[in-house]
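These notes are about the structure you will find just below.
Remember, it's 1-based here, ligands and their atoms both numbered in the order they're listed.
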Amino acid sequence: MTLKRTLLAVTLFTTITWYGNSQSRIPEVESLLQKMTLAEKIGQLNLLTPGGGIATGSVVSEDVEGKIKAGEVGGIFGVTGPDKVRKAQEIAVNSSRLKIPLLIGADVIHGYKTTFPIPLGSASSWDMGLIKQSAQIAAKESTADGINWNFSPMVDIARDPRWGRIAEGAGEDPYLGSAIAAAMVQGYQGADLSAPHTMLACVKHLVLYGAAEGGRDYNSVDMGKVKMFNQYLPPYKAAVDAGVASAMTSFNDIDGIPASGNKWMITDLLRKKWGFQGFVVSDYTSVNEMIAHGMGDLQAVSAQALNAGLDMDMVGEGFLTTLKKSLDEGKITEEQITTACRRILEAKYKLGLFEDPFLYSDEKRPETDILTDENRKLARTVAAHSFVLLKKHEKTLPLKKNAKIALLGPLADSRNNMLGTWAPTGEHKLAVTVLEGFKNVAPDASITYAKGANISNDPVMAKNVNVFGPKIEIDERSPDTLLKEALEVAKASDVIVAVVGEASEMTGEAASRTDISIPDAQKKLIRALAKTGKPVVLVLMSGRPLTISEEYELPVSILQVWHPGVEAGNAIADVVFGDYNPSGKLTATWPRNVGQIPIYHSMKNTGRPAESKEFQKFKSNYLDAPNSPLLPFGHGLSYTEFEYSDLKLNTSEIGTDEALTVTVSLKNTGNYDGEEVVQLYLRDVVRSITPAMRKLKGFKKVFLKKGETKLVTLKLKPEDLKFYNSDLDFVAEPGAFEIFVGTDSNADLKTSFHLK
Ligand code: NOJ
């Protein structure tokens with residue numbers, strides 16, 4: 001064991017509480033701290049971007065090189081490629097007094113060059129193995145290009161599909177979201193952070209960013225603690241429990257205090273309650289934005305952030321320019337600066353950067369590690385597993401590989417919309433279009449393409465969406481001409497496949513919508529196609545749940561494919577032509593209309609629950625729409641059929657520290673082999689905090705050959721029965737529990753047990 005590994009082992013196995021640490025467990029870090037001036041310590045708290053990436057705010061850093069030389073920078077982002085990263089590290093280790101290497105950050109949200117589906121898509125696979133593997137590949141590719149710190153996973157629970165960033169997370173559910181958060185952290189960080197293929201993960205955005213009022217990005221959040229602890233915090237905690245090395249604060253305020261200056265959140269919750277041992281970085285200028293939040297001037301907000309426990313300031317330079325003054329005025333202490341600096345140095349140490357600052361600057365690696373056939377193959381598999389068959393109409397799907405197909409729609413031959421939002425390290429030119437995928441997978445099919453419609457005819461929408469390049473391209477031909485051409489192609493075909501939906505940047509950061517339906521331009525096309533009498537398949541792309549009540553009523557099949565990533569066209573063709581039988585399940589509820597939002601599966605009963613589908617006066621319902629969503633959480637069909645029976649428990653009564661074994665018989669009764677996500681929902685019938693009618697507490701993805709029956713076993717662990725009560729204690733309360741098992745959150749196979 002080398003000295004470094006011995007020290008690492010010490011780091012990992014020492015169990016002192018150290019949120020307010022005055023001594024590092026890493027002696028090398030401690031001796032370095034001894035040598036540092038105050039200015040050098042403050043310099044480590046500064047994260048800058050020299051440009052090159054996409055700026056997600058209005059401020060861009062200046063004279064980054066000069067600042068690195070002066071010891072005023074702890075890390076940079078937006079710089080990629082081993083040569084460029086090597087140069088940056090050379091500046092740091094050759095020209096700064098203490099030769100401290102830099103953290104090199106990036107947003108590798110769903111793959112590096114090998115772009116995987118948007119996270120909401122990957123989540124729909126419910127396949128933790130695939131999700132972890134895709135994080136491993138993302139880490140392998142990005143470290144090959146010099147990056148050692150990933151601003152991912154984004155684990156914000158989102159129950160408002162108007163919010164554009166629902167695309168970047170796992171959806172509405174804390175149980176599933178926690179499993180995904182852990183899988184991603186493990187995938188990025190591996191077992192040894194100093195290995196050249198692993199990187200620091202950064203869980204974000206702490207906390208509650210997904211609960212912005214009205215679904216408008218960056219908006220205020222107001223939430224009681226019981227809801228927060230039970231519904232919104234679990235995935236962040238799961239990332240901490242999985243050993244995430246860093247955390248990013250969010251833009252929103254929490255109970256009136258912006259996250260980046262929120263001591264309760266950063267110190268009391270994250271460090272003291274959860275035992276987080278890494279460092280906390282702000283979001284892009286979120287410290288400065290506390291001025292606009294109404295918290296004071298730059299000096300005041302920077303001092304507030306440090307006092308709250310924030311360690312690193314992204315781009316805003318408030319720490320760099322004001323902390324010394326605040327120290328002189330007694331508003332902060334030198335120990336606070338030292339503590340923040342220590343945490344950042346420890347992260348660099350864990351990465352192995354002190355031993356070798358050029359560990360991630362191996363010029364040979366991009367060739368062998370990035371965008372390999374094997375990586376692309378995984379991207380294709382993950383994409384195919386992420387698709388959700390929303391509706392089957394007759395037996396249109398899967399298509400025959402020698403069919404005469406009209407391939408229509410504005411997304412059928414689009415390359416720029418395949419990667420999905422926030423894939424800043426991906427390249428559109430690498431993406432496979434749907435038209436190409438169809439030709440690759442079904443070379444004997446006769447495929448005729450026509451655009452049929454623009455994504456949107458609205459030039460204002462196009463301008464707002466096209467800030468990172470052309471995503472909505474309004475055709476020179478009139479909408480009528482486009483439609484006419486498509487109908488002619490449709491007439492001459494056996495089957496119509498229409499690839500429709502959202503442009504990729506209709507979701508993502510600062511991409512909220514108040515109307516989440518398919519844009520009118522495409523609705524018109526879809527209506528006309530449905531009237532042709534030909535079999536129609538809608539391949540629907542979006543970064544959020546859409547309101548598709550009208551399209552759902554049409555005689556069409558609907559396959560939801562999100563934005564599938566670099567292998568988009570191939571993966572879609574794999575599923576459409578039946579090489580892979582779809583198995584994805586929704587991880588966020590699809591409302592009938594925007595007025596139902598927020599709507600999610602774990603809603604409460606209320607004191608006046610509606611008892612019928614008909615409107616009832618003085619009951620909790622709407623005059624103009626049912627309470628139920630169009631498509632429930634967990635929904636997703638298959639080319640085959642599954643039948644559930646014989647739901648059994650190993651016992652009808654358990655003690656608080658006992659597990660429960662649930663078994664159900666699952667039969668593939670259809671004509672195809674296929675996978676099913678068996679879902680378990682729990683209802684705590686009576687408890688001290690009003691319970692949800694049901695909430696997800698277990699799932700298993702199983703493969704069954706046609707005709708096969710399997711006994712599926714799920715375990716409920718003692719903590720699965722627990723919740724945070726009014727005192728925020730995590731407890732299980734004795735009494736009756738009901739269990740529902742089935743194919744989605746409406747599962748009606750039911751049993752019950754008693755907790756002693
Ligand atoms: C702002 C985004 O909110 C965050 O997720 C991202 O990591 C930073 N910009 C850096 O690009």
Side-chain angles (χ1 to χ4, degrees), residues 46-61 64 74-80 103-112 118-120 138 142 147-158 163-170 181 184-185 188 199-212 215-219 221 235-236 239 244-254 258-260 278-290 292-293 310-317 420-426 467-468 505 507-512 543:
N46 193 24
L47 174 64
L48 296 183
T49 177
I54 291 171
T56 54
S58 48
V59 182
V60 180
S61 316
V64 177
I76 55 174
F77 66 105
V79 174
T80 56
L103 291 176
I104 310 288
D107 285 286
V108 186
I109 308 302
H110 47 117
Y112 185 67
I118 55 165
L120 188 62
S142 36
I147 297 154
N148 53 40
W149 179 25
N150 192 0
F151 303 146
S152 172
M154 189 278 213
V155 305
D156 303 310
I157 293 292
W163 189 53
R165 298 194 81 171
I166 192 172
E168 284 182 61
M184 290 182 81
V185 170
Y188 293 137
M199 65 201 311
L200 305 174
C202 182
V203 59
K204 68 187 190 186
H205 308 80
L206 275 70
V207 294
L208 315 183
Y209 184 33
R216 174 158 59 81
D217 209 359
Y218 317 126
N219 204 2
V221 173
Y236 307 110
V244 71
S246 66
M248 188 186 292
T249 56
S250 52
F251 288 119
N252 55 282
D253 57 341
I254 306 153
S260 301
F279 69 97
V280 183
V281 63
S282 76
D283 203 343
Y284 203 106
T285 60
S286 66
V287 173
N288 312 53
E289 289 166 27
M290 287 164 64
H293 273 289
L310 189 85
D311 302 309
M312 198 173 217
D313 177 9
M314 189 192 293
V315 179
E317 300 191 36
T421 187
W422 213 212
T425 54
V467 280
F468 303 140
E505 297 312 322
T507 49
E509 188 168 350
S512 298

Open item on the list: Using the ring-ring contact (aromatic ring centres under 6.0 Å, His included) criterion, which residues pair with F279? Sequence neighbours excluded.
Closed with: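 Scan of F279 (ring-ring contact (aromatic ring centres under 6.0 Å, His included), adjacent residues dropped) gives W149.
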Open item on the list: Show the nearest heavy-atom pair for residues E317 and N46, with the distance to one decimal.
Closed with: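 So the two residues come closest at CG-OD1, 3.8 Å.
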Open item on the list: Applying a heavy-atom cut-off of 4.0 Å, say which part of E168 lies close to ligand 1: side chain, backbone, both or neither.
Closed with: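 Neither; no heavy atom under 4.0 Å.
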Task: Region of W422 engaging ligand 1 - heavy atom pairs below 4.0 Å - done: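 For W422, the contact with ligand 1 is made by the side chain alone.
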Open item on the list: Within the 4.0 Å heavy-atom shell around F151, which atoms of ligand 1 are there?
Closed with: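 Result: 7 (O).
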Open item on the list: I'd like to check which ligand 1 atoms, numbered from 1 as shown, lie under 4.0 Å from a non-hydrogen atom of K204.
Closed with: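 Going through ligand 1 atom by atom, the ones under 4.0 Å from K204 are 4 (C), 5 (O), 6 (C), 7 (O).
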Task: Whether D311 side chain and V281 backbone form a donor-acceptor pair below 3.5 Å - done: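 Pair absent, no side-chain N/O of D311 close to backbone of V281.
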Open item on the list: Taking G278's backbone N and O only, do any of them form a donor-acceptor pair with S246's side chain (distance below 3.5 Å, no angle check)?
Closed with: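 Checking the backbone N and O of G278 against the side chain of S246, no donor-acceptor pair under 3.5 Å is found.
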Task: Heteroatom proximity flag, D283 to ligand 1, N/O under 3.5 Å - done: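 The answer is yes, given that D283 and ligand 1 share an N or O pair closer than 3.5 Å.
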Open item on the list: Under a plain distance cut-off of 3.5 Å, with no hydrogens placed, do Y209 and D283 share a side-chain donor-acceptor pair?
Closed with: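 No.
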Open item on the list: Working to the nearest 0.5 angstrom, can you tell me the gap between S152 OG and I109 CD1?
Closed with: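 S152 OG to I109 CD1: 5.0 Å, rounded to 0.5 Å.
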- [ ] Measure the distances from the heavy atoms of F251 to every atom of ligand 1 and state whether one is below 4.0 angstrom.
- [x]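 Contact check F251 vs ligand 1: positive.
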- [ ] Going by heavy-atom distance to atom 5 (O) of ligand 1, choose the closest among M154, H205, M248.
- [x]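 Shortest heavy-atom distance from atom 5 (O) of ligand 1: H205.
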